[in-house]
Protein chains: 2
Amino acid sequence: MKPTIYDVAEKAGVSIATVSKVVNNTGHISEKTRKKVMKIMEELEYQPSSLAAALTGKKTYTIGVLVPDIANPFFAEVARALENNARETGYSIILCSTDYQLEREQEYLELLLKKQVDGIIIATELKELKALQKLRSRNIPFILFSIDHLSLSAHVVTTDDLRGGYLAGCYLLEKGHRKLAMITEMERPSGRLRLEGFKQALADQKIELDSNAIINAKSKIEDAKLAAQKILQMKERPTAVFASTDLIAAVFINEARKAKVLVPKHISVIGFDNTIYAELSDPGLTTIAQPISDLARYAIQQLLEAIEEPSMPGRRIMLTPTLVERESVKDLTR
Amino acid sequence: MKPTIYDVAEKAGVSIATVSKVVNNTGHISEKTRKKVMKIMEELEYQPSSLAAALTGKKTYTIGVLVPDIANPFFAEVARALENNARETGYSIILCSTDYQLEREQEYLELLLKKQVDGIIIATELKELKALQKLRSRNIPFILFSIDHLSLSAHVVTTDDLRGGYLAGCYLLEKGHRKLAMITEMERPSGRLRLEGFKQALADQKIELDSNAIINAKSKIEDAKLAAQKILQMKERPTAVFASTDLIAAVFINEARKAKVLVPKHISVIGFDNTIYAELSDPGLTTIAQPISDLARYAIQQLLEAIEEPSMPGRRIMLTPTLVERESVKDLTR
DNA sequence: AACAGTAAGGAAAGCGCTTAACTTATTAAC
DNA sequence: GTTAATAAGTTAAGCGCTTTCCTTACTGTT
């Protein structure tokens, strides 16, 4: 059987309180006793039960992470970055992939509450604000990751999508493109913001984005294909396309090739996210990079702060994305 | 504050034992009392602490999952499938991504022990058998996922890599290819097995695989590029290439295009894994599909059985991969 | 009427730990 | 030499539950 603190105490001839103090480095313990206890712990391969500790100490050192789909490279990267940061501070992560289903989101939140996680990072686009209400009333801190809600005063760590779209727009303009199109996920706030930013960039140059140059598509292969075809078949084809995710952009490049339209020779493409798709597509995809590891670092840091200080008022951290240049955009100015 | 079983008991005018029985559906409780208690629980939004339950009941309903890199699409899919299956049976998952580092693996195992997970699924290629020894001595069940160890009598759920390689070989032969090459990860057992199976298929037809037609490469973009170039520059170029992962295959296709060698017109490619890379590459990649969701289902099922019945002898479940045909292999026979 | 059998519920121990409060022993201060 | 402060440990309560063993009150049997 797994040895308990009692076994250690007995064998070392001290009280369990002493052992506990050695383990947690608290209180006053002589070097001699500490050594002795340590030795016994080694011998017995004693491992404190964090379960029991949590029951008293009030912390489980576990945080829940809610993502819509872990198989999506963006969230996979996010999960990895979060996990890394959490590990460094002694926390572990319970991963919940909701598969974009609301009820599952609800289910998972309940579960996490039951498991008494110390905090939650939510990267799913929740519609159910009342779920959050519950977290709030239970006083369990949470961070909205890469999503935001106007109606909510919560902790938020997100990419500045608006600025990202603006960045993309500016870059294309700078490269001499004037006839533009965008494929974006209109049902997602981030998709809409990216579009807004993009429009803004054009507007600054007195250029208007034709409304049928805006194609709505989910970040799914099939959807993206259709959207790509729509653009490729336009009578007046744009010289550059801004895709709101790398997946969409990658699919666009493939579709273009099939239609004998070469990227970047005949048409330029810029993506968003900087996932492995961007690196893997041919030509390499110029894209707006989300600062995933920074986002993760801030999210964890922010969450830990909120755990220590639950009354902390909501804080919004917005990180600026950066442009990663590869080969998918042609410079028309020279 | 979170309500406890005491709050419920008091408000319902019963003992905590009764509440516990209602919650767990054990013992003899009258319909009337049950209703009453239920109602109070609703009112108070009572949520039993699984922590406290675990401390007595002995189960945490949590399982640990160790993967080398969650950002790798294969493992992302695995994690997702495992999580799905676990959820259905009321378990949740602590995800640990070791980043291919041994020490981290060790660290995580300790952590999982501390957290008292009910079982562990290990999908990292561990070198440290002594870590497993510890699990064994602690009597905590584990499953090796997609890896195996001759020296070990453990529970194993894996793809039949040998057969997968064989399948790839047979398919290429069937399509009339005789001059073949393979890019594989020699330092991984699965990479070696895939090669073995491939060789076997050729041997069955009295064809030998030239030893310099076997290129060693890790499943990383850089490595894969180099390997691809090597093959593309051969004086006598093979007509078909078997890549031991989809990533390698996808990179190969891109490199080939850069070298003006078209797939499948000039050279055929077959991959392994059937991850999103296969779907996304252009042309679509014909590949050997790992039965990920079946693997996951068996792994969880197997693990739960082992949790119930820890003395169960090691069992090896090997699932046969299947071929998914897309467009990257040319039929030379017609 | 006496008995066993069963249904309903409660008392209390214990899971493995933390921590506040307390007891000694030791040292410092004047 | 007395007091105060500090160091080193211990005692014991309590975290929120499960579970074993009881008690009590019925019901049915002979």
Side-chain angles (χ1 to χ4, degrees), chain A residues 1-38 40-41 44-62 90 111 113-118 138-140, chain B residues 1-38 40-41 44-62 90 111 113-118 138-140:
Chain A
M1 235 7 255
K2 200 171 181 286
T4 74
I5 200 172
Y6 288 96
D7 302 325
V8 176
E10 188 178 354
K11 197 152 180 202
V14 298
S15 75
I16 61 163
T18 304
V19 176
S20 174
K21 280 172 190 157
V22 170
V23 169
N24 299 297
N25 241 309
T26 55
H28 302 277
I29 302 291
S30 69
E31 205 41 41
K32 196 165 137 244
T33 315
R34 150 172 272 101
K35 281 265 164 61
K36 188 170 56 182
V37 172
M38 297 276 239
I40 303 288
M41 293 201 297
L44 263 43
E45 298 192 1
Y46 169 70
Q47 212 124 22
S49 153
S50 50
L51 232 60
L55 197 54
T56 23
K58 291 285 112 211
K59 289 228 274 177
T60 54
Y61 290 97
T62 306
L111 189 99
L113 283 181
K114 236 194 275 196
K115 291 244 156 122
Q116 245 136 332
V117 294
D118 295 335
R138 277 280 199 282
N139 229 342
I140 141 150
Chain B
M1 232 8 253
K2 200 171 182 288
T4 74
I5 200 171
Y6 288 95
D7 302 325
V8 177
E10 188 178 354
K11 197 152 181 203
V14 297
S15 74
I16 60 163
T18 303
V19 176
S20 173
K21 281 171 191 158
V22 169
V23 169
N24 299 296
N25 241 307
T26 53
H28 302 277
I29 302 291
S30 70
E31 206 38 43
K32 196 164 139 245
T33 314
R34 150 171 274 102
K35 282 264 165 59
K36 187 171 58 183
V37 172
M38 297 277 240
I40 304 289
M41 294 200 298
L44 263 44
E45 298 192 2
Y46 169 69
Q47 212 125 21
S49 152
S50 49
L51 232 60
L55 197 54
T56 24
K58 291 283 110 213
K59 287 228 274 177
T60 54
Y61 290 96
T62 306
L111 189 99
L113 283 181
K114 236 196 277 201
K115 292 243 157 123
Q116 243 134 336
V117 295
D118 294 336
R138 276 278 199 281
N139 231 343
I140 142 149

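Computed from a prediction, not measured in an experiment: that's the story for all the values here. Residue numbers begin at 1 in each chain, while the letters A, B, ... track the order of the sequences.
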query: Using a heavy-atom cut-off of 4.0 Å to chain B, what are the terminal contacting nucleotides of DNA chain C, in 5' to 3' order?
result: C:dA7 to C:dG16
message: Considering every strand and a 4.0 Å limit on heavy-atom distances, what is the contact class for B:Val14: base, sugar-phosphate, or nothing?
response: sugar-phosphate
message: Any base atoms under 4.0 Å from A:Ile16, or only sugar-phosphate, or nothing? Heavy atoms, all strands.
response: base
message: From CG of B:Asn25 over to C1' of D:dT19, roughly how many Å is that when rounded to an integer?
response: 16 Å
- prompt: Roughly, in whole Å, what's the span from NZ in A:Lys32 to P in D:dA8?
  reply: 12 Å
message: Need one value for A:Thr4: base, sugar-phosphate or nothing, where a base atom within 4.0 Å counts as base even if backbone is also close, heavy atoms only.
response: sugar-phosphate
field: Atom pair distance, as rounded to whole Å: CE in B:Met41 and C1' in D:dC17
entry: 14 Å
task: Would you tell me if any nitrogen or oxygen in the side chain of B:Tyr46 comes within less than 4.0 Å of OP1 or OP2 on D:dC17?
output: yes
message: I need the NZ-C1' distance between A:Lys115 and D:dC17, as an integer number of Å.
response: 16 Å
- prompt: To the nearest angstrom, how far is A:Lys36 atom NZ from D:dA8 atom C1'?
  reply: 12 Å
query: Nearest-Å distance, CD1 (A:Ile5) to P (D:dG14)?
result: 19 Å
task: Let me know, please, whether B:Thr33 or A:Tyr6 comes out on the 5' side of the other along DNA chain C by nearest nucleotide.
output: B:Thr33
Report, one line per pair, each donor and acceptor closer than 3.5 Å where one atom sits in a side chain of residues 47-54 of chain A; sequence neighbours left out.
residue, atom, partner, partner atom, Å
A:Gln47, OE1, B:Arg138, NH2, 3.4
A:Gln47, NE2, B:Glu110, OE1, 3.0
A:Ser49, OG, A:Leu51, N, 3.2
A:Ser49, OG, A:Ala52, N, 3.1
A:Ser49, OG, B:Gln116, OE1, 3.0
A:Ser50, OG, B:Lys114, O, 2.9

- prompt: Just to confirm, is there a sub-4.0 Å distance from OP1 or OP2 of D:dG14 to any side-chain nitrogen or oxygen of A:Thr56?
  reply: no
- prompt: Sequence neighbours excluded, which residues qualify as ring pair (Phe, Tyr, Trp, His ring centres under 6.0 Å) partners of A:Tyr61?
  reply: A:Tyr91
statement: Sorted by position of nearest nucleotide on DNA chain D, 5' first, the leading residue of B:Asn24 and A:Ser30 is A:Ser30
query: Distance from B:Leu44 atom CG to B:Lys2 atom NZ, nearest 0.5 Å?
result: 11.5 Å
- request: Please identify each residue that fulfils side chain to side chain contact (heavy atoms under 4.5 Å, CB included) with A:Thr56, with sequence neighbours left out.
  value: none
task: Report the residues that fulfil side chain to side chain contact (heavy atoms under 4.5 Å, CB included) with A:Thr4, sequence neighbours left out, ordered by chain and then residue number.
output: A:Tyr6, A:Asp7
- request: Give A:Ala17 one of three labels, base, sugar-phosphate or nothing, depending on what nucleic acid heavy atoms sit under 4.0 Å from its own.
  value: base
- line: When rounded to whole Å, the CD to C1' distance for the pair A:Glu31 and D:dG9 reads 16 Å
Please tabulate, for the side chains in residues 22-29 of chain B, all donor-acceptor contacts under 3.5 angstrom to protein atoms that are two or more places apart in sequence or on a different chain.
residue, atom, partner, partner atom, Å
B:Asn24, ND2, B:Ser20, O, 2.9
B:Asn24, ND2, B:Ser20, OG, 3.4
B:Asn25, OD1, B:Arg34, NH2, 3.0

- request: Could you check whether A:Ser15 gets within reach of a base, just the sugar-phosphate, or nothing at all, counting any heavy atom under 4.0 Å?
  value: base
statement: Atom NE2 of B:His28 and atom P of D:dC21 are separated, to the nearest Å, by 15 Å
- prompt: Can you find a pair of side-chain heavy atoms, one from A:Thr62 and one from A:Lys115, that are under 4.5 Å apart?
  reply: no
